[in-house]
Amino acid sequence: MATISCRVKNNDDSVIQLLNPNRQTIYFKDVRPLKDSRFQLVNFSDNELRVSLSNVSLSDEGRYVCQLYTDPPQEAYADITVLVPPGSPIIESHEDMVREGNETELTCTAMGSKPAASIRWMKGEEELTGETTVEETYDRMFTVTSRVRFSVTKEDDGVPVDCIIDHPAAKDLLAQRHLEVLYKPEVKIVVAYPEGLPREGDNLDLTCIAEGKPHPHQINWLRVDEDVPPHAVVTGSDLYIENLNKSYNGTYRCVASNAVGEAYDDYILYVYDAPTTLPTPTTNPVNTQDSRAGEGAPQKIDHAVIGGVVAVVMFAILCALIVLGRYFARHKGTYFTHEAKGADDAADADTAIINAEGGHNNTDEKKEYYI
């Protein structure tokens, strides 16, 4: 509803009338010559003519004239602008589902608005930039179309894309579409048993978890570069091997595939020796715990045994040194000097020195002794 009011100051009983944009008289004083019941008199006095217009349409837009019959006549003008909200927006896509890594294009259309609406795009919390075209129709209305194009990833699956319409005559007007993204499987191998390191004699239970869109239709187990052990049991996504031994070492692979592609995950099996059971005193619970702690860790060395061996070796070396010392003491050699040559014919040591070849004449000097 629109209200048109015509006010006059200091009126001298002049006639007031209201004209439409086509210069047709709507009201002459309090009389309505125009046969349009949507116009109704709200108030009439010497100073005011107020008229209401219900169910406004686009044809009612234009300039209205308030005219006062004086000499010369006086006029005042009021413009009515009619806003037409767009219809519900329509969002379309060329394909319902798109593969990861590919591009998708969405189109949003807002029809029959005045003035032209504006369109914004949101993908989740991210704002996108679209290309907009505006078309004016024959009835002075506008149709707005916006296109947006972007690449998708598997993380975009299920994310809403909103086409938001901004218009002065409409609020909270939008269209929404959830993305459907196809992506190849994501594969992960989980060890159900054993909880620790696999040892000889243990059983091995592996579970292959594969998620994709569409859901993987095939899951296979294989052993890289070798055959799977003949008694291994494959049940769906599970691989079970009893009584492990070192010949089963290798890389076990779970391969999952769907319409988009395939992916795999590897598990490297290394079978450790079975734990060795050593006799331990029942009164020492610490040793029992140590024997179970840290699977795969090396056995602790007995330091008492090492100390005893070292002591025996040192004792043997000491005994050998004593024996060698006594042997050399008993078998010391005879020491001859050049001066002592010919001493065998001398009666005493002094005479031997005097008689020695090259001996000294002075018998009081250079006596030599063996200590």
Side-chain angles (χ1 to χ4, degrees), residues 86-113 116-137 142-167 170-190 206-225 234 236-239 251-268:
S88 298
I90 301 173
I91 187 169
E92 297 176 324
S93 174
H94 292 293
E95 49 190 354
D96 294 332
M97 295 184 178
V98 59
R99 294 193 177 193
E100 63 173 332
N102 291 348
E103 284 191 341
T104 185
E105 182 178 295
L106 300 178
T107 302
C108 184
T109 305
M111 303 176 63
S113 67
S118 61
I119 298 178
R120 294 182 293 118
W121 290 95
M122 294 292 295
K123 186 184 77 170
E125 300 297 326
E126 178 187 0
E127 185 168 358
L128 305 176
T129 302
E131 297 180 357
T132 303
T133 58
V134 179
E135 178 185 357
E136 185 175 359
T137 59
F142 296 90
T143 297
V144 181
T145 303
S146 179
R147 293 179 176 83
V148 66
R149 190 176 183 88
F150 55 90
S151 299
V152 297
T153 64
K154 61 185 176 183
E155 288 77 14
D156 292 326
D157 183 48
V159 173
V161 177
D162 296 332
C163 167
I164 305 171
I165 307 300
D166 293 327
H167 192 273
K171 292 183 178 180
D172 302 326
L173 196 59
L174 63 85
Q176 187 178 82
R177 187 183 185 92
H178 288 82
L179 295 174
E180 295 284 342
V181 181
L182 303 177
Y183 56 92
K184 66 181 181 180
E186 295 179 325
V187 185
K188 180 180 181 181
I189 296 177
V190 177
L206 303 178
T207 299
C208 182
I209 300 176
E211 296 292 339
K213 191 169 184 178
H215 191 75
H217 61 270
Q218 187 173 7
I219 296 178
N220 294 324
W221 281 97
L222 57 91
R223 187 179 179 188
V224 179
D225 299 331
V234 177
S237 60
D238 296 337
L239 173 66
T251 301
Y252 292 80
R253 176 172 295 175
C254 171
V255 182
S257 59
N258 61 9
V260 180
E262 69 176 26
Y264 65 86
D265 189 25
D266 289 343
Y267 172 78
I268 299 176

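The structure presented is a predicted model; accordingly, all values stated were derived computationally and were not measured.
Of all heavy-atom pairs spanning Glu262 and Lys184, the tightest one is O-CD, 3.9 Å. Across all their heavy atoms, Ile119 and Cys108 have their closest contact at CD1-O, 3.8 Å. Closest approach of Trp221 to Val234, counting heavy atoms only: CD1-CG1, 3.7 Å. Pairing each heavy atom of Trp121 with each of Cys163, the nearest pair is CZ3-CB, 4.0 Å. Listed here is the closest heavy atom pair of Val187 and Ala256: CG2-CB, 3.8 Å. Annotation for Pro86 and Leu173: closest pair CG-CD2, 3.8 Å, computed over non-hydrogen atoms.
There is no side-chain donor-acceptor pair under 3.5 Å between Thr251 and Asp266.
More than 12 heavy atoms of other residues, nucleotides or ligands sit less than 6.0 Å from atom CE of Met122. More than 12 heavy atoms of other residues, nucleotides or ligands sit less than 6.0 Å from atom CZ of Arg177. Within 6.0 Å of CD in Glu95 there are more than 12 heavy atoms belonging to other residues, nucleotides or ligands. Sparse packing is recorded around OH of Tyr264, with 12 or fewer heavy atoms of other residues, nucleotides or ligands lying under 6.0 Å away.
The structure places CG of Leu179 at 11.5 Å from CG of Asp96, a figure rounded to the nearest 0.5 Å. We find the CG-SG distance between Asp265 and Cys208 to be 7.5 Å, quoted to the nearest 0.5 Å. Note that the CG atom of Leu206 and the OH atom of Tyr252 stand 9.0 Å from one another [nearest 0.5 Å]. A distance of 15.5 Å separates NZ in Lys154 from CZ in Arg99, rounded to the nearest 0.5 Å. To the nearest 0.5 Å, atoms NZ (Lys123) and CG (Leu106) are separated by 10.5 Å.
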* Verify salt bridge (Lys or Arg N to Asp or Glu O under 4.0 Å) between Asp166 and Arg120, making sure each step is shown before the conclusion. => CA-CA 8 Å; Asp166 293 327; Arg120 294 182 293 118; 2.8 Å; yes
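Under a 4.0 Å N-O distance rule, the pair Lys213/Asp157 qualifies as a salt bridge. Taking 4.0 Å as the cut-off between side-chain N and carboxylate O, Arg147 and Glu131 do not count as a salt-bridged pair.
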